[in-house]
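All of these numbers come straight from a predicted model, not from anything done at the bench.
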Amino acid sequence: MALVGLLIPCFVISFDVTHSCQNADNFVGASSPGDIVIGGLFAVHGKMLHPEEHPMRPVIQNCAGFEIQVFLQTLAMIHAIEMINNSTLLSGIILGYEIYDTCAEVTKAMGAALRFLAKFNASKDTVEYKCNYSDYIPRIKAVIGSSYSEIAMAVSRLLNLQLIPLVSHASSAEILSDKIRFPSFLRTVPSDFYQTRAMARLIYRSGWNWIGLIATDDDYGRSALESFGIQAMANNVCIAFKEMLPAYLSDGTINAKVNQALEKIVQETRVNVIVVFLRQFHVTKLFGKAIERNIHKIWIASDNWSAAVKITTIPNIKLLGTVVGFAYKSENMSTFHDFLKTLHLQPTENNLFLKEYSVLLSTCAHVEDQDLNKCISNYSQENLIYQAGIRSQIWRDDFLRANIEPGFIQSTMLAVHAIAYAVREQCKDRDCKNPVAFAPWEKVKSTCSRKCRPGQMKKVSASPHTCCYECVNCPEDHYTNQTDMDYCFLCNNKTHWSPVNSTTCYKKTVEYLSWNDWFAILLIILSGLGVVLIFVIGTIFTRNLDTPVVKASGGLSVCYVILLCHFFIFASTGFFIGEPREFKCKTRQAFFGISFALCISCILMKSLKILLAFSFDPKLQNFLKCLYKPVPIVVTCTGIQVVICTFWVIFRSPFVEQNFFIRRVIILECNEGSIVAFGVMLGYIAALAFICFIFAFKGRKLPENYNEAKFITFGMLIYFIAWITFIPVYTTTFGKYRPAVEITVILISNYGILCCTFLPKCYIILYKQETNTKSAFLKIIYNYSSKSAGCLTVSQISLESNCTAPQYPITNSCCKSEKTSVNGNCHFEVSKHSLIRENIPPKNTAGTISRKRLSSI
């Protein structure tokens, strides 16, 4: 009886392990009840055994090749669920789970998916077919898996009937991002699009352009090849060959296909870089044979196997060459390590995977750690029927920790947490202790964080999970045009702009001081009024050509030249308005500068003439007389400005420039070419104005009708005030109104000089005609001389030539003197009565000469 008692538990254990699908409940690998149940699909075994009997029967067969790494993923799912149940995340709601082994086969995975579709509170094997599943409540609210993209595609299509979310921790095929075909598919790993793009860029930047490709002949492999092909072409990388391996180890041709791929690698001697999109067991077989054939290459690993423990532990792996790969991001695994330390305390009644692992540990107890993985994977479930005994007492915690692949463990736990956060959102306003509280399709729209809208980007929050993030608006000049973008795209700052939270970039508008701008219109009107004023002044002076006021202004020719300069200055403002062009930019400053220099030069000549006429100091008079050369003065002063502008235009010519520094607009403006040349031109005009101001200031106390110097002084002061103000305003002004600043200053200074020079004379001509006579002028001169010195000494020499007339002694009651001669000039004294009288006796020759000299001033 004792023997029978010992054999019974052995038989039971063997029966459970071997015939995993003897009945429907044994089909479940691991399970735990809960208010909300989550399904799991993991390829705990690497392949499914195929029967040799004929005819074949529709029976789900046993599996072989226990995968420690995938077994650890199932434990990660269980651990994450237990952590959530022991936390306050779901406020008393208990998560349960049902985990199934797919054996890396679509057929077996579909069998598990059918059980997921079974209706709640009905038989687990009963699936109802309905036209509308909106009110249908399945037992499973969400599913985690599968390990392979091909299985995920098949299962996701089946779960689409009820929109049950399938959250994959490892399926990376790009096609799964298509929400039309896979609306309920989600994942915690990036799409192959990013991986293949990174691979292509790595290859390009490493200087490689002739490579080989090896992939599995399934949906995952073909999708990866297509995506990589597009990225390779974009990076000028050429593919020498493509080799496809069967997707399943159970395929009898796999060894022949591996040998064929290796033969191709050997033949293509110029190919030294091989990109590999394979499952882990394919890579193990490929590398094992490659080491035997002494093939030494650079291998680019996909994220599926780049960090796989079984690959890194292949004997003599370093003989293969260099392996470069991309892996998933991982976090701290300390809590999972602690969970593994207590694994031997976990019950195995509802976890066939743990039970099988315990049996395998007992079976391979004699094997060292480095060979334990191989020993475990070599057993099939059928082999264990005679090996099962008691539960292993040695759990080898270090062996489990050594086989952890952190990226997959992390993504599995993230998938559980994503579902838990979605459940929490759904259960805010309902009692989720009742499993019929919500349908799975409602949860499809729920995630740990809401989707970021276009115009926003994801910002990872303090949560350790990458699925939990905040949505922040894109800053200025950045945009996103898709949901859930990791970063915002930068607009081309030169030509485009965007506001905060923008979904697109807007083209900058080109701006300049146009003719229809209100400020430009105002300036044009002011310039036009100035031109009208010039014509009015010219008309007044022409009609009063022979009057003393006009003659005292230098004559009609000088007045016309000055008025013409003022006209050109007003006209030059038009070159600052409108769309900038090369001709405008090169002409406007030179046209204004030369016109202004000519105007100031003419006024300078007039100031010098007045000062010379009324100078009583003989030495100063001789100096001024020698200096006074009207035409050379004007030509020289203006010519210097012409030379400055010519050198400017030739060597540092102004040009049209686009200013991109203002956010929303492109300012089309004239770049002066050389700020130094611009400053020299304005500085030269300022120097002429200063000299003119000094001369005019010297003659500010002349007789009233000759007091033109006083108004010239005011005009120069207006000029200085305007242009001194111009410097800080111009340098701190940006945008299309910058040319308007210079136009304004030009108008102010031009109006100031024009009005101060001509308006007082026009006033005398129009409203004080009694003072615009020769006798009135002579009387005013006499009064001026009487007040200033008691007698007036006037030069007997003409302003245009030296004195050649004989000297005549003239005496009066005011001053008595004899004939005198100073420096070759003749001086005479004019009595008061001689200046007032209209008719002087002919015999008085000296009096006649004096009147001619006075009237010529």
Side-chain angles (χ1 to χ4, degrees), residues 474-479 490-502 504-527 569-593 596 645 648-649 651-683 685-686 719-751:
C474 290
E476 291 181 346
D477 297 328
H478 291 74
Y479 76 99
L490 177 66
C491 298
N492 185 339
N493 286 339
K494 287 190 174 182
T495 57
H496 291 76
W497 71 278
S498 67
V500 175
N501 191 27
S502 179
T504 185
C505 292
Y506 301 96
K507 194 171 183 179
K508 289 184 177 181
T509 56
V510 178
E511 289 189 358
Y512 50 84
L513 189 61
S514 60
W515 291 99
N516 56 2
D517 188 276
W518 69 270
F519 197 24
I521 293 173
L522 176 62
L523 296 174
I524 293 167
I525 292 173
L526 293 175
S527 297
I569 294 170
F570 282 125
S572 69
T573 59
F575 289 86
F576 292 84
I577 301 174
E579 182 179 354
R581 299 189 182 277
E582 290 294 330
F583 176 75
K584 279 186 177 182
C585 293
K586 292 179 179 180
T587 306
R588 63 179 192 172
Q589 298 290 4
F591 187 30
F592 152 71
F596 220 112
C645 293
W648 183 8
V649 171
F651 295 105
R652 296 293 298 273
S653 177
F655 56 91
V656 180
E657 182 182 47
Q658 290 182 328
N659 190 331
F660 302 104
F661 295 106
I662 299 179
R663 260 189 11 90
R664 301 190 178 190
V665 297
I666 299 173
I667 301 298
L668 201 61
E669 60 186 6
C670 287
N671 186 306
E672 303 303 346
S674 172
I675 297 298
V676 175
F678 183 42
V680 169
M681 183 202 75
L682 295 178
I685 297 174
Y719 167 83
F720 285 127
I721 292 172
W723 285 96
I724 290 173
T725 306
F726 163 78
I727 295 172
V729 175
Y730 186 79
T731 54
T732 56
T733 301
F734 299 94
K736 67 177 182 178
Y737 289 111
R738 195 177 194 189
V741 175
E742 188 170 355
I743 296 175
T744 303
V745 176
I746 290 172
L747 291 177
I748 292 173
S749 57
N750 201 32
Y751 266 112

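Two residues are said to be in side-chain contact when any heavy atoms from C-beta on lie closer than 4.5 Å; K508 and V665 fail this criterion. You'll find the side chain of S749 reaches within 4.5 Å of the side chain of F596, heavy atoms only. For the pair F678/P654, no side-chain contact is recorded, criterion being any heavy-atom separation below 4.5 Å from C-beta on. Under the 4.5 Å side-chain criterion, counting only non-hydrogen atoms from C-beta, I685 is in contact with Y719. Residues C645 and M681 form a side-chain contact, since some pair of their non-hydrogen atoms from C-beta on lies under 4.5 Å apart. With contacts defined as side-chain heavy-atom distances shorter than 4.5 Å, the pair V656/E582 qualifies. The shortest distance between side-chain heavy atoms of I746 and W723 falls below 4.5 Å.
For the atom pair OH of Y479 and OG1 of T504, the computed distance is 7.0 Å after rounding to the nearest 0.5 Å. Rounding to the nearest 0.5 Å places NE2 of H478 at 11.5 Å from OG of S502. Interatomic distance, Y751 OH to I569 CD1, rounded to the nearest 0.5 Å: 12.5 Å. Taking CG of L490 as the reference point, atom SG of C505 lies at 7.5 Å (rounded to 0.5 Å). In this structure, L526 CG and F570 CZ are separated by 9.0 Å, a value rounded to the nearest 0.5 Å.
In this structure, the side-chain contact (heavy atoms from CB on, under 4.5 Å) partners of F583, at least two apart in sequence or on a different chain, are F575, T587. Among residues two or more places apart in sequence or in another chain, the side-chain contact (heavy atoms from CB on, under 4.5 Å) test is passed with V649 by S653. Residues satisfying the side-chain hydrogen bond (donor to acceptor under 3.5 Å, both in side chains) test with N493, not counting sequence neighbours, are none. Remark: L523 engages F519, A740, I743, T744, L747 in a side-chain contact (heavy atoms from CB on, under 4.5 Å) (not counting sequence neighbours).
The only member of L522, I577, T573 that meets side-chain contact (heavy atoms from CB on, under 4.5 Å) when paired with S527 is T573. Each of R652, R738, R588 was evaluated against E672; a single residue qualifies, R588, per the salt bridge (charged side-chain N to carboxylate O under 4.0 Å, His left out) test.
When every heavy atom of Q658 is checked against every heavy atom of L668, the shortest pair comes out as CG-CD1, 3.6 Å. Scanning both residues, C670 and P580, for their nearest heavy atoms gives SG-CB, 3.8 Å.
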Determine, stepwise, if the pair F576 / F591 fulfils ring pair (Phe, Tyr, Trp, His ring centres under 6.0 Å). CA-CA 11 Å; F576 292 84; F591 187 30; over 10 Å; no
Can you check side chain to side chain donor-acceptor pair (under 3.5 Å) on W648 and S674, steps first, answer last? CA-CA 8 Å; W648 183 8; S674 172; 5.3 Å; no
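Evaluation of the side-chain hydrogen bond (donor to acceptor under 3.5 Å, both in side chains) test over residues 727-736, restricted to residues two or more places apart or in two chains, returns D517-K736.
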Could you list the donor-acceptor pairs under 3.5 angstrom formed by side chains in residues 509-516, with sequence neighbours left out?
unit_1: S514; atom_1: OG; unit_2: N516; atom_2: OD1; d: 2.6

